[in-house]
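Note that the structure is a prediction, hence the values are computed from the model and not measured.
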Amino acid sequence: MIEVIKKLKNYTFDSKMIICEIYAQRLMNPNELDIIGNINGVMPNELEIFMLYSVIYDDDDESTLEINHRDFSEIITAIRNFRHPKWDEFEMDNKYSENFMMISGLTQFSVQGNVSQRFFRYDYFFTFINDDIDMKQEFNKKFGCDYDHFRRFAFSIYLLLSDKNQSTSKQKVMTYLWKEYRNAAKLLKIDKKSYKKAVVDLLGDDILNYYYGLKIQYLFPIIEGINFQYLPIPYLLINATTDSLLHRLTEGNEELRRSIGKNVLEQYLYDLYTEIENIDHIYPEQKYYIGKKELLSPDVIVIEDDYCMMFDTKLSVPSIRMRTFDKSAIDKAIKIAAENVKKIFFHINNYDQGHFELDRKINRNNVFGVIVQLEDFYVSRKEIYETARQMINSDAAKMTEDEYSFMCSNIKIVGLRDVEQALFKGQSYLKYLIHNKSNKEKWFDIFLTNVPEIVNDSTVIRSLEKFVNKEKNEFLLDVKAAKRM
């Protein structure tokens, strides 16, 4: 692959960025990336790798050729067919499938999902205010403008470019957006020299690490050339103005990150559940005691019918080193998740033994524990449960097989998006937990909401509907403003 990739030096930077944008736009529809409809075309991760190497292997002074579609296809094919040496090791160790799932999740799933739902989450995060934290103030202090500037710029540009028709009026709106939201746009730019340095600083000198490694364009999707600026992968504006902005806001500030997890993420899940019908009781985190020892319950507890769900939220994100198959990073992720499983397992036992009470006593077999990670690590659930069992065995009496089965069937580690997929549609997460519990072969699944047997005929919750309408109205206002220019 590397020899083919190095051919990128022969092509002008301008032509590489333009062809990248052409294929990126083919993936975009107004709501999300159309992965299924483009299954035989260029996939997002292939395009992102192409873009990274296009910047790394670039020589403006020497390049004269313009890349054509045939040459582009040859390079994409080389990228697609490349087999990392690590896969041979994983096959020998019988760990191919779990590592394939992990790397697929880390490198491909982050660009997927509904655009408006994504903005809904981060609009809540970046505008949240309570007695302990003022996120609007924190955001403005860091970036010098309100989150609305980033959101409206990215959403409108994405919407315009997902429309494949070209027109002078569309270009006029684009010009207006770049000017109106220039302060936000400026913070999403990076020049080629800085891009190359950032790649080396982040991933080192081994170019194999660049294949699966975090792409700098997730943080800075706008590339500044000599006389022009490029947006080679427009859909990455969405990542750059949502999860990547949270990373930039909290980088080097662990206290702020803890406060966001404690105040914002917990309340976000609680507020979503208040919009779900037929819920009997919802509880925030509460103190309880075992003897003189003070403990805190899971962050959000929901009683529905004869069931109880205990949610523990974690503002956790995968280590960059996991993308390069760093064993210590993967082991650490498994250990962190196992600790969380162990913790909620004991909370369930404490509740069952009467150490803290809710309005109704629920049978232990009907109590679920759910660890909700801001971003899933995509590591093997089986390894997490096995590690949790070892931890419990070393701390207390040996766990019985029935207890281990309970842990695997009733305690789940999921990404926030998986829970959102149910709640956004007005559905409780309970039906997915029950479905998973009743199918033993699914106990180690990463996604619970991907269940075709459960028919979805619900409308979206009111707060999301209201937000989507606001987005549309803001877009129309910007279009009207552009026409007056």
Side-chain angles (χ1 to χ4, degrees), residues 20-48 51 104-125 150-165 170 177 188 215 217-219 221 231-246 272 374-376 378 414-427 432 446-452 454 456-461 463-476:
C20 209
E21 183 178 347
I22 289 170
Y23 281 88
Q25 284 186 255
R26 291 181 183 180
L27 286 162
M28 296 161 58
N29 72 34
N31 296 318
E32 60 188 328
L33 295 191
D34 184 13
I35 305 297
I36 302 300
N38 197 61
I39 196 68
N40 295 316
V42 181
M43 289 289 101
N45 63 309
E46 296 166 351
L47 201 57
E48 292 154 22
M51 187 208 144
S104 297
L106 294 175
T107 60
Q108 298 181 39
F109 297 162
S110 64
V111 297
Q112 298 179 28
N114 184 280
V115 170
S116 290
Q117 291 177 5
R118 199 164 186 147
F119 279 125
F120 173 81
R121 180 204 294 181
Y122 285 94
D123 185 71
Y124 182 102
F125 282 15
F150 286 93
R151 179 179 58 78
R152 291 178 68 165
F153 173 73
F155 176 77
S156 296
I157 294 286
Y158 178 92
L159 202 60
L160 288 166
L161 293 180
S162 65
D163 176 11
K164 308 304 186 290
N165 298 317
K170 186 165 85 170
L177 293 169
L188 301 173
K215 309 302 184 288
Q217 57 263 36
Y218 275 68
L219 299 168
L231 185 58
I233 307 183
Y235 63 77
L236 288 183
L237 273 175
I238 309 304
N239 294 79
T241 53
T242 53
D243 48 296
S244 292
L245 268 188
L246 180 62
L272 287 180
L374 178 67
E375 294 179 27
D376 205 319
Y378 302 106
V414 297
L416 176 57
R417 189 188 299 181
D418 200 58
V419 180
E420 287 174 331
Q421 291 308 299
L423 302 185
F424 283 159
K425 296 167 186 172
Q427 302 173 351
Y432 301 100
I446 287 177
F447 303 108
L448 273 63
T449 54
N450 187 23
V451 182
I454 299 178
N456 169 33
D457 57 0
S458 301
T459 56
V460 298
I461 56 175
S463 61
L464 177 57
E465 182 182 29
K466 185 178 178 181
F467 175 79
V468 171
N469 288 334
K470 182 180 82 165
E471 269 189 329
K472 291 177 181 177
N473 290 332
E474 289 171 343
F475 175 73
L476 292 174

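By the side-chain contact (heavy atoms from CB on, under 4.5 Å) test, Asp243 pairs with Arg118, Tyr122, Asn239, Glu375, sequence neighbours left out. Under the salt bridge (charged side-chain N to carboxylate O under 4.0 Å, His left out) criterion, Glu48 pairs with no residue, sequence neighbours left out.
Rounding to the nearest 0.5 angstrom, the gap separating the CG atom in Asp376 from the CZ atom in Phe447 is 6.5 Å. Atom CZ of residue Arg151 and atom OG of residue Ser156 lie 9.0 Å apart, to the nearest 0.5 angstrom. One finds the CG atom of Leu219 at 11.5 Å from the OG1 atom of Thr241 (value rounded to the nearest 0.5 Å). Distance CG/Leu272 to OG/Ser463: 6.5 Å, rounded to 0.5 Å. Distance check, rounded to the nearest 0.5 Å: CD of Gln25 to CG of Asp163 gives 9.5 Å.
Taking the side chain as every heavy atom from C-beta outward, Ile233 and Cys20 approach each other to under 4.5 Å. You'll find the side chain of Tyr432 stays beyond 4.5 Å of the side chain of Asp418, heavy atoms only. The closest side-chain heavy-atom distance from Leu177 to Leu160 is below 4.5 Å. Using a 4.5 Å heavy-atom cutoff, the side chains of Leu47 and Leu27 are in contact. At a threshold of 4.5 Å between non-hydrogen side-chain atoms, the residues Gln117 and Leu464 count as touching. Arg121 is listed as a side-chain neighbour of Leu416, based on a closest heavy-atom distance under 4.5 Å. A heavy-atom distance below 4.5 Å is not found between the side chains of Leu423 and Ile461. A 4.5 Å side-chain heavy-atom check between Lys472 and Phe475 finds every atom pair outside the cut-off.
Proximity of a side-chain donor or acceptor of Thr449 to a complementary backbone N or O of Ala422 within less than 3.5 Å is not detected. Formation of a donor-acceptor pair under 3.5 Å by the Glu465 side chain with backbone atoms of Val460 is not found in this model. With hydrogens and angles disregarded, no donor-acceptor distance shorter than 3.5 Å links the side chain of Lys215 to the backbone of Met51. Distance alone, capped at 3.5 Å, is enough to place a donor-acceptor pair between the Tyr158 side chain and the Asn29 backbone. Side chain of Asn38 to backbone of Val42: a donor-acceptor contact under 3.5 angstrom is found.
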Kindly determine whether Phe155 and Ser116 satisfy side-chain contact (heavy atoms from CB on, under 4.5 Å), including the steps that lead there.
CA-CA 8 Å; Phe155 176 77; Ser116 290; 3.8 Å; yes
Carefully, step by step, assess Tyr218 and Ser110 under the rule side-chain contact (heavy atoms from CB on, under 4.5 Å).
CA-CA 10 Å; Tyr218 275 68; Ser110 64; 3.4 Å; yes
Walk me through whether Leu237 and Phe153 qualify under side-chain contact (heavy atoms from CB on, under 4.5 Å).
CA-CA 9 Å; Leu237 273 175; Phe153 173 73; 4.0 Å; yes
Please determine whether side-chain contact (heavy atoms from CB on, under 4.5 Å) holds for the pair Phe119 and Ile238, giving the CA-CA distance in whole Å, both sets of side-chain angles, and the decisive distance to 0.1 Å.
CA-CA 8 Å; Phe119 279 125; Ile238 309 304; 3.7 Å; yes
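Between Leu106 and Tyr378, the closest heavy-atom pair is N-CD1, 3.8 Å. Scanning both residues, Met28 and Leu161, for their nearest heavy atoms gives CE-CB, 3.9 Å. Shortest non-hydrogen contact noted between Pro44 and Leu33 is CG-CD1, 4.1 Å. Across all their heavy atoms, Gln421 and Lys425 have their closest contact at O-CD, 3.3 Å. The shortest heavy-atom contact between Pro232 and Pro221 is CD-O, 3.6 Å. The shortest heavy-atom contact between Phe109 and Arg417 is O-NH1, 3.2 Å.
Surrounding NZ of Lys470 are more than 12 heavy atoms belonging to other residues, nucleotides or ligands, all under 6.0 Å away.
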